[in-house]
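We use all heavy atoms of the structure for the numbers below, so side chains are in, but hydrogens, waters and symmetry mates are not. Order of the sequence lines sets the chain letters (A, B, ...), proteins ahead of strands, with each chain counted from 1.
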Amino acid sequence: MRNAEVAGVLYNISELLEIKGENTFKIRAYAKAARAIEGTTEDIEKIALEKRLKDIPGVGESIAMKIGEYLATGRLQYYEELKKQVPEELHELLQIPGVGPKTLQYLNKELGIKSVEELERAAKEHRLRRLVHFGETKEENILKAIERYRQRSTRIPLGIALPLVKEIVEALKKSGFIEKIEPAGSLRRRKETVGDIDILATSNDAHAAIEAFVHLPVVKDVIGKGSTKATIVTREAIQVDLRIMESKSFGTSLQYFTGSKEHNIKLRDLARQKGFKLSEYDLEEISTGRKVYCESDDGVYRKLGLLPIPPEIREDAGEIEAAISGKLPQLVEYKDIKGDFHVHTDWSEGSNTLVEMATAAQKLGYEYIAVTDHSKALGVAHGLSEERMLAQIEEIHKLNDTLSDFHVFTGVEVDIKADASLDFPDSILKQCDVVVAALHTGQKQARREITGRLITAMENENVDIIAHPTGRIIGEREAYDVDIDAMLDAAAGTGTVLEINAYPNRLDLSDVNSRKAKSRGVKIAIGTDAHNTGHLGLMEFGVDVARRGWLEKEDVMNTRSAKEVRFKD
DNA sequence: GCCGTTTTCGGCCCGACTGTTTTCAGTCG
């Protein structure tokens, strides 16, 4: 599939046009087409071949021609010429807050500025303040913005942001000045990483609520404080905004501040088509000026004649169309989860015993876990020898005899070695209920080798699940070079289940890849990769990814009861 | 550049903020 590749070209064109200062709507048209293609599960080459490109919403005569040219020749004349016209370095300047395309063009024309360094020098030499439409303040602000840009914090993993927000929300509730409170933004959409955190609330005393917020123990700095909004920075250098809204506007506000931006643009467009103007304050009927207020953000969707769209899929990736046609997925929920398929014990690198892990899982209301300690090749993790593996199986059988209403599946996280062979012979694997295979070594190998190793593993009838299928670690390590489409096809062909590893710095498969897997009929198992009893609680993060990937109950193995759990026959 | 139960031309999401302006353009979220 070359969908991502084609979308990438269109995104680049959109950005180049932006730097050139072209018509905003033309810029948006390219970005819109790119998004539509990115979100299409059908192969773009197939669509092009069947001359159906213009059926894609946002793709018209001109863009269809360009896609055709690019797919056929691997090049696009228009794109090449654009790249020649726009110096590469200019791009970075758009990252400076306050510098947009117009300013960029102007500075380039007047002062020949092409890079952040040149802009900084011009500001320090006070050459900016002499320009028309510029002044002392703007010049100083640009210097500050460059400073901020250089120290910009990377996005925060959801695993860190979520507990922090819970702490803040609880503390604010205790203050007594808060009525309704809800975190919004990418955190509410459960994106794997979040930028700044936005919290919305209603209050009987906005002033007191703001004061309570800026004096919370987590606060390190107060950046801004007004009558209805305050911005703080926490000890962990995370920026948090609190906005106090009027109660009657809470639904529209929550809808607006939850985003995504792209989702909001399309929703407002749809509202307009239906004769309404949607803002964060209200839904206004254009012909009469009558204002409609919504208690909840679900209410906003209902008033527009849509089914409520869960926050996790508000990305303008087909969810609005699905809501219109009544075909929204019934997303899997945490309460559907009956067990965990990736659990370690102190037999390998875990810190709790078999019994402790089983008891903790039972307390969570689960019916089962699969114990999947490492195999011997992973020396650093005290991988099990074949003898110890058999001994563990024996012990689990004994444990099961003592348990009621709970089952421990025997299992292993078997290493896929650099030569594509598995770390245990079939004779051992056969004795495990659940075989999870994973690639831990040789991650630098070429795409062909890596993909081949994974496919070979999946072709083994004893291998049930591929753990953390791309190997990425958020903020630390890129995914290994695997051909995702080939892997998904092999999973579909062999009936191998792919994991969503719920560990917050893995979340692998990702949301996008999970959705791709679903479109090919590949089943998913969520595994926490727990190394202690506390880690079992990470399941929620895996469910978040599944929901963002549009997965429904039947797509997820963990929703099956212990008796219904079946992998390859 | 796209698109059409108001339109094949004239729209295209909305509102706040900022700094530079005396009425608004650019940028942001």
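Spacing of C1' atoms, dC9(B) relative to dC14(B), comes out at 24 Å, to the nearest Å. Nucleotides dC13(B) and dC28(B) are separated by 14 Å at their C1' atoms, to the nearest Å. Here the separation of dG29(B) from dT23(B), taken at their C1' atoms, is 25 Å to the nearest Å. Atom C1' of dT20(B) sits at a distance of 14 Å from the matching atom of dT27(B), rounded to the whole Å. Across dG26(B) and dT21(B), the matching P atoms stand 14 Å from one another, rounded to whole Å. Atom name P, nucleotides dG11(B) and dT7(B): the rounded distance is 14 Å, in whole Å. Distance check on atom P: dG10(B) versus dC17(B) gives 35 Å, rounded to whole Å.
Taking only side-chain atoms of Phe25(A), from C-beta outward, the nucleotide of dA16(B), dG19(B), dC13(B) with the closest atom is dC13(B). Minimum atom distance to the side chain of Arg28(A) is reached by dC12(B), of the listed dA16(B), dC12(B), dG1(B).
For Glu118(A) (side chain) and Lys114(A) (main-chain N/O), a donor-acceptor pair under 3.5 Å exists by modelled atom type. The closest donor-acceptor contact from the side chain of Arg548(A) to the backbone of Val512(A) lies at 3.5 Å or more, if one exists at all.
In this structure, Tyr11(A) atom OH and dG1(B) atom P are separated by 19 Å, rounded to whole Å. Across the protein-nucleic acid pair, Glu136(A) atom CD and dT18(B) atom P stand 18 Å apart, rounded to whole Å. The separation between Leu53(A) atom CG and dG1(B) atom P is 16 Å, rounded to whole Å. Between Gln273(A) atom CD and dT7(B) atom C1' the separation is 13 Å, expressed in whole Å. When the C1' atom of dG10(B) is taken as reference, atom CG of Asn23(A) falls 12 Å away, rounded to whole Å. Put simply, CG on Asp55(A) is 14 Å from P on dC2(B), counting in whole angstrom units. The interatomic distance linking Leu131(A) (CG) with dT21(B) (C1') rounds to 16 Å, in whole Å. Atoms CG (Leu16(A)) and P (dG1(B)) sit 14 Å apart, rounded to a whole Å.
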Dump every N/O contact between nucleotides 25-29 of chain B and the protein below 3.5 Å, one line per pair.
residue : atom : partner   : partner atom : Å
dG26(B) : O3'  : Thr103(A) : OG1          : 3.4
dT27(B) : OP1  : Gly100(A) : N            : 2.8
dT27(B) : OP1  : Gly100(A) : O            : 3.1
dT27(B) : OP1  : Thr103(A) : N            : 2.9
dT27(B) : OP1  : Thr103(A) : OG1          : 2.4
dT27(B) : OP2  : Lys102(A) : N            : 3.3
dC28(B) : OP1  : Gly98(A)  : N            : 2.6
dG29(B) : N2   : Tyr256(A) : OH           : 2.6
dG29(B) : N3   : Tyr256(A) : OH           : 2.9

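Of the charged side-chain nitrogens involved, none lies within less than 4.0 Å of a carboxylate oxygen, so that Lys144(A) and Glu140(A) do not count as a salt-bridged pair. A salt bridge links Arg150(A) to Glu117(A): one of the charged nitrogens lies within less than 4.0 Å of a carboxylate oxygen.
Residue Ile63(A) is in sugar-phosphate contact alone, with no base atom involved, counting any heavy-atom pair closer than 4.0 Å across all strands shown. Among the atoms of the strands shown, only primed sugar atoms or phosphate atoms (P, OP1, OP2) are found under 4.0 Å from some heavy atom of Lys277(A). Heavy atoms of Ile27(A) sit nowhere under 4.0 angstrom from any nucleic acid atom. No contact: Lys54(A) has no heavy atom under 4.0 Å from any strand.
Shown here, dT5(B) is classed anti by the O4'-C1'-N9-C4 or O4'-C1'-N1-C2 angle, which is more than 90° from 0.
No side-chain donor-acceptor contact under 3.5 Å links Asn3(A) and Thr40(A). In the model, Asn12(A) has a side-chain atom that pairs as donor or acceptor with a side-chain atom of Tyr79(A) under 3.5 Å.
Nucleotide dT8(B): unpaired (no Watson-Crick or G-U wobble partner with both distances less than 3.5 Å).
No option in Lys266(A), Arg189(A), Arg268(A) other than Lys266(A) meets the salt bridge (Lys or Arg N to Asp or Glu O under 4.0 Å) test with Asp316(A). Of the listed residues (Leu93(A), Leu90(A), Asn108(A)), just one forms a side-chain contact (heavy atoms from CB on, under 4.5 Å) with Ile113(A), and that residue is Leu93(A).
Within the 4.5 Å cutoff, side-chain heavy atoms of Ile320(A) are placed close to those of His263(A).
For Tyr30(A) and dC2(B), the shortest distance from a side-chain N or O to OP1 or OP2 is not below 4.0 Å.
Nearer the 5' end of DNA chain B, as judged by each residue's closest nucleotide, is the contact made by Ile265(A), out of Ile265(A) and Thr137(A). Taking the nucleotide of DNA chain B with the nearest heavy atom to each of Ala29(A) and Arg272(A), the more 5' of the two is matched to Ala29(A).
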